[in-house]
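Working notes, beginning with the structure itself.
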Amino acid sequence: MTDLSKPPVAATRPHSFTAHGVTIEDPWAWLKDPAYPTVTDKDVLSYLEEENRFFEAVMEPLKPLSSALFKEMRGRIKEDESSVPQKDGEWLYWTDYETGGEYPRWWRKPVAGGEDVLILDEPTLAEGKEYFRLGAFSVSPDGRLLAYAVDDNGSERFEVRVKDLASGELLPDTIPGMLSEIVWTSDSKGFLYGLANENWRTDNARWHKLGEPIEQDIELFKEADEGYRVGVGETQSRNYLLLSTGDHVTSEVYLLDPADPSKPMVCVSPRKPGREYDVDEHDGTLFIHTNDIDPQFRLVTAPVDNPGDWIERIAPSKHFYMTGVTCFADFFIVEGREDGLDQIELHRYAPGTPPTRLAFPEASYVAGLGDNPEYAVDTLRLGYESMVTPGTVYDYDVASGALTTLKVQEIPSGYDGSKYRTERLKIAARDGTEVPVSVVYPKDFPKDGTGKLYLYAYGAYGYAIPPGFSTSRMSFLDRGMAFAIAHIRGGDDLGQQWYLDGKLTKRTNTFNDFVDVAKGLIDKGFTHKGGIAIAGRSAGGELMGAVVNSDPELWGAVVADVPFVDVLNTMLDESLPLTPGEWPEWGNPVEDAAAFELIRSYSPYDNVTAQAYPPLFISGGLNDPRVTYWEPAKWAAKLRATKTDANILVLKTNMGAGHGGKSGRWESLKEAADEMAFVLWQLGVTA
């Protein structure tokens with residue numbers, strides 16, 4: 001049995017590099033297998049496996065608690081769950097799960113009436129695989145063929161397959177190494193897609209004609225900028241195929257003929273650094289959603305035959321952050337957030353007609369368009385939830401404004417929303433900026449500083465963490481804990497400026513916001529120093545690494561999933577899949593000495609010091625192309641060698657999975673149960 005008093009010790013091997021006149025020592029650099037993306041180095045694998053054995057030994061006494069938590073969480077999920085059918089052309093489509101099933105099945109039936117037809121059976125496709133994920137899924141316009149993509153190891157290198165829905169047989173057309181959506185041509189005889197290159201970057205768009213060798217696929221576009229990614233799509237009207245290229249701050253969109261994509265494509269507007277835009281179309285007019293003059297975005301229109309002639313339709317607003325526009329036959333929908341809360345507006349095409357804003361009842365919630373595949377519709381599918389309201393699917397009648405409830409998330413073990421309370425707080429950060437915080441807690445939760453609290457955040461890439469519903473979270477709430485989401489800068493919760501204020505040279509605002517929110521929650525009596533468990537994944541894991549370095553005494557337990565913690569090394573390595581495309585987010589330390597120094601000042605791995613650290617639960621994925629496995633491994637190794645405390649630190653590496661952890665709804669739930677058991681154990685919360 002593994003000796004818990006002697007956790008694994010990773011060997012150190014002399015390694016250093018010099019950049020901008022600074023020499024960096026990195027004695028754990030050997031944990032990056034030179035053969036990556038294959039990992040065969042025996043020393044690397046031996047260390048990861050030793051850490052996994054230590055993890056299992058540490059978690060062994062918690063198995064009863066972890067099992068109980070898994071049982072609770074599974075009991076809140078409807079085993080034979082099914083989605084609300086949605087019409088697309090002559091068919092109704094939906095998914096369901098068999099009782100006990102890990103993966104969904106995909107169904108359809110004729111709108112005119114007829115039998116249910118199973119069109120894709122994920123459980124069968126996943127049988128015998130440690131990992132399975134369905135990527136792109138697209139039915140041909142004539143309804144006869146299904147093109148779909150699968151990843152069976154977590155590397156996000158998908159294989160495209162094509163199925164004849166009449167016979168159930170697979171066509172010989174198979175495309176490995178795909179990383180994109182799949183968009184059919186209007187004749188249903190081929191589709192557009194993109195291949196990942198050797199650096200796992202989609203720098204192309206290709207046209208595959210059914211029955212022809214993939215070597216003969218036509219490359220429609222090749223991006224020269226290594227930081228850009230290429231994607232394919234289509235307008236809601238399906239009058240045009242869309243080809244987009246860009247990075248985190250700049251975009252460029254082309255229109256293609258859906259009948260013959262090889263015809264000369266039309267550039268809507270040539271790329272301009274720092275300008276983003278996306279495009280939809282109605283009746284020969286382009287509707288262009290852009291941040292060209294304001295980070296809150298605006299809507300402009302242009303004729304298809306003169307796409308660069310932009311005329312403002314909806315001006316930017318100080319309070320309304322426009323996040324997207326979708327054109328339907330008789331109206332268009334504008335989605336956005338006002339002071340951080342989701343809004344949906346219905347606009348008529350006739351100029352001067354006032355929009356209709358849909359009203360929602362709660363002070364904090366998540367709302368947006370659901371699955372609406374058709375163009376000519378008189379009802380809209382919407383989704384709604386809050387931290388105390390389970391996910392709800394509505395149909396909105398455009399003429400009357402009536403909302404019809406189609407489905408409310410069923411919780412088989414029972415749910416009583418009156419047992420919980422939710423608040424939306426504002427807590428001042430150290431520079432005076434007010435940071436929104438969404439909190440949910442049991443109605444009898446004591447606000448006298450004695451409580452325990454779980455605090456979550458992300459804070460990067462302009463991604464807002466929605467204050468939505470979680471059945472898993474109830475296992476904390478029902479043990480008397482509070483749960484909070486810090487809507488820190490780096491996300492776009494309060495608009496794009498909120499994102500800009502947490503990136504590049506302002507990156508430390510993200511870390512400071514999180515720490516100051518925690519201190520504010522202590523001041524408001526929600527918890528106390530050491531009574532807070534914190535969690536984040538990926539870039540949110542970077543956040544965890546930064547705040548355990550800066551304020552370790554605040555945290556009672558820390559969960560860092562696939563954490564982006566070796567920031568300096570990763571941003572200096574141009575060969576890694578994501579690095580060039582990430583420079584607009586973090587800065588380019590290869591060419592910019594100031595960016596090098598800033599990243600070096602906060603990179604969690606580089607700033608581990610000889611101090612006491614809180615208990616840490618760290619995870620990674622061997623096949624993860626986004627946050628490579630050696631980042632958490634190096635961080636854990638350095639922490640073990642440097643920290644001065646006796647607090648537990650575990651590193652779990654999924655040897656057959658990638659960035660998202662294990663696949664399947666129950667396997668992923670088991671991972672969540674382990675993390676939750678660790679947190680409860682360290683906070684001293686009794687089961």
Side-chain angles (χ1 to χ4, degrees), residues 248 321 323 337 340-342 364 366 368 385 387 424-425 427 429 433 435-440 453-470 472-473 483-504 506-518 521 532-551 555 557-565 567 570 578 581-582 584-586 602-604 617-621 624 626-627 631-632 635 658-661 668 671-672 675 679:
H248 292 297
Y321 171 47
T323 57
R337 284 194 289 276
L341 288 178
D342 288 343
S364 180
V366 182
E385 61 186 274
M387 293 185 85
R424 186 174 177 87
L425 310 173
I427 293 177
T433 300
V435 180
V437 186
S438 300
V439 191
V440 62
L453 178 139
Y454 188 101
L455 179 62
Y456 184 83
Y458 184 70
Y461 299 109
Y463 177 70
I465 300 296
F469 189 77
S470 166
S472 298
R473 187 185 300 152
F483 185 102
I485 300 170
H487 302 286
I488 55 182
R489 283 173 283 186
D492 69 350
D493 307 64
L494 295 185
Q496 195 181 50
Q497 192 61 50
W498 198 250
Y499 162 49
L500 298 175
D501 287 343
K503 66 181 291 193
L504 294 173
K506 299 179 180 180
R507 181 61 185 155
T508 54
N509 283 339
T510 301
F511 314 140
N512 294 341
D513 283 359
F514 188 84
V515 170
D516 295 342
V517 162
L521 289 167
I532 309 175
I534 59 174
R537 67 178 300 120
S538 195
E542 177 206 53
L543 170 66
M544 297 300 101
V547 302
V548 297
N549 284 336
S550 68
D551 296 84
W555 324 119
V558 181
V559 176
D561 286 318
V562 291
F564 177 41
V565 285
V567 185
T570 294
L578 299 184
E582 298 294 297
E585 182 76 17
W586 312 105
Y602 69 74
S603 175
F617 184 115
I618 304 168
S619 74
D624 188 347
R626 297 175 184 267
V627 176
E631 293 208 32
W635 186 44
H659 197 62
S668 58
E671 292 195 321
E675 293 182 4
V679 166

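Values below: every heavy atom of this structure, side chains too, minus hydrogens, waters and symmetry copies. Just so we're clear, the structure is a prediction, and the values are computed from it rather than from any experiment.
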Test the Arg473-Phe483 pair against the cation-pi criterion, namely NZ or CZ under 6.0 angstrom from the six-membered ring centroid and within 45° of the ring axis. yes
Residues which pass ring pair (Phe, Tyr, Trp, His ring centres under 6.0 Å) with Tyr456, listed by chain and number, not counting sequence neighbours: none
Report the distance from atom OG1 of Thr433 to atom CD1 of Ile427, rounding to the nearest 0.5 Å. 13.5 Å
Listed partners of Tyr458 passing side chain to side chain donor-acceptor pair (under 3.5 Å), at least two apart: none
Please report the C-alpha distance between Met544 and Arg537 in whole Å, then the side-chain angles of each, then the deciding distance to 0.1 Å, and finally whether the side chain to side chain contact (heavy atoms under 4.5 Å, CB included) criterion is met. CA-CA 8 Å; Met544 297 300 101; Arg537 67 178 300 120; over 6 Å; no
Let's go through Phe564 and Trp635 carefully: what are the C-alpha distance in whole Å and the side-chain angles of both, what is the deciding distance for ring-ring contact (aromatic ring centres under 6.0 Å, His included) to 0.1 Å, and is it a yes or a no? CA-CA 10 Å; Phe564 177 41; Trp635 186 44; over 10 Å; no
Least distance between heavy atoms, Tyr499 atom then Gly490 atom: CD1-O, 3.2 Å
Check Gly545 against Val565 and note the closest heavy-atom contact, atom names and distance. CA-CG1, 4.5 Å
Determine whether Leu341 and Arg337 make a side-chain contact, defined as any pair of heavy atoms from C-beta on separated by less than 4.5 Å. no
For the side-chain contact (heavy atoms from CB on, under 4.5 Å) test, which of Leu521, Val435, Val517 pairs with Leu425? Leu521
Give the C-alpha distance, both sets of side-chain angles, the deciding distance and a yes or no for side chain to side chain contact (heavy atoms under 4.5 Å, CB included) between Val679 and Val559. CA-CA 8 Å; Val679 166; Val559 176; 3.7 Å; yes
Main-chain N/O of Pro604 paired to Asn549 side chain as donor or acceptor, under 3.5 Å: yes
May I ask you to check whether Asp492 and Tyr321 show a side-chain donor-acceptor distance below 3.5 Å? yes
Taking side chain as C-beta onward, heavy atoms only, is Tyr463 less than 4.5 Å from Ile465? yes
Between Ser550 and Val515, does the side chain to side chain contact (heavy atoms under 4.5 Å, CB included) criterion hold? Intermediate values first, please. CA-CA 9 Å; Ser550 68; Val515 170; 4.2 Å; yes
Heavy-atom check, side chain of Thr570 versus side chain of Trp586, under 4.5 Å: no
About how many Å separate CD1 of Ile485 and OG of Ser470, when rounded to the nearest 0.5 Å? 9.0 Å
Is a side-chain donor or acceptor of Ser438 paired with a backbone partner of Arg424 at a separation under 3.5 angstrom? no
For Asp513, which residues count as a salt bridge (Lys or Arg N to Asp or Glu O under 4.0 Å) partner, sequence neighbours excluded? Arg489
Run Trp555 and Val548 through side chain to side chain contact (heavy atoms under 4.5 Å, CB included) and show every step you take. CA-CA 8 Å; Trp555 324 119; Val548 297; 4.0 Å; yes
From CG (Asn509) to CD1 (Ile488), nearest 0.5 Å: 10.5 Å
Does any non-hydrogen side-chain atom of Ile618 lie less than 4.5 Å from one of Pro563? yes
Using 0.5 Å steps for rounding, measure from the CD1 atom of Ile532 to the OH atom of Tyr454. 13.0 Å
Taking Gly462's backbone N and O only, do any of them form a donor-acceptor pair with Lys503's side chain (distance below 3.5 Å, no angle check)? no
Using modelled atom types only, decide if a donor and an acceptor are shared between the side chain of Glu385 and the backbone of Phe469 within a distance under 3.5 Å. yes
Any side-chain heavy atom of Pro436 sitting closer than 4.5 Å to one from Leu494? yes
Is there a side-chain contact between Val437 and Val439 in this structure, where contact means two heavy atoms from C-beta onward sitting under 4.5 Å apart? yes
Under 3.5 Å donor-acceptor, Glu585 side chain and Tyr461 backbone: yes
Whether Arg507 and Glu542 form a salt bridge (side-chain N of Lys/Arg under 4.0 Å from carboxylate O of Asp/Glu) is what I want to check. yes
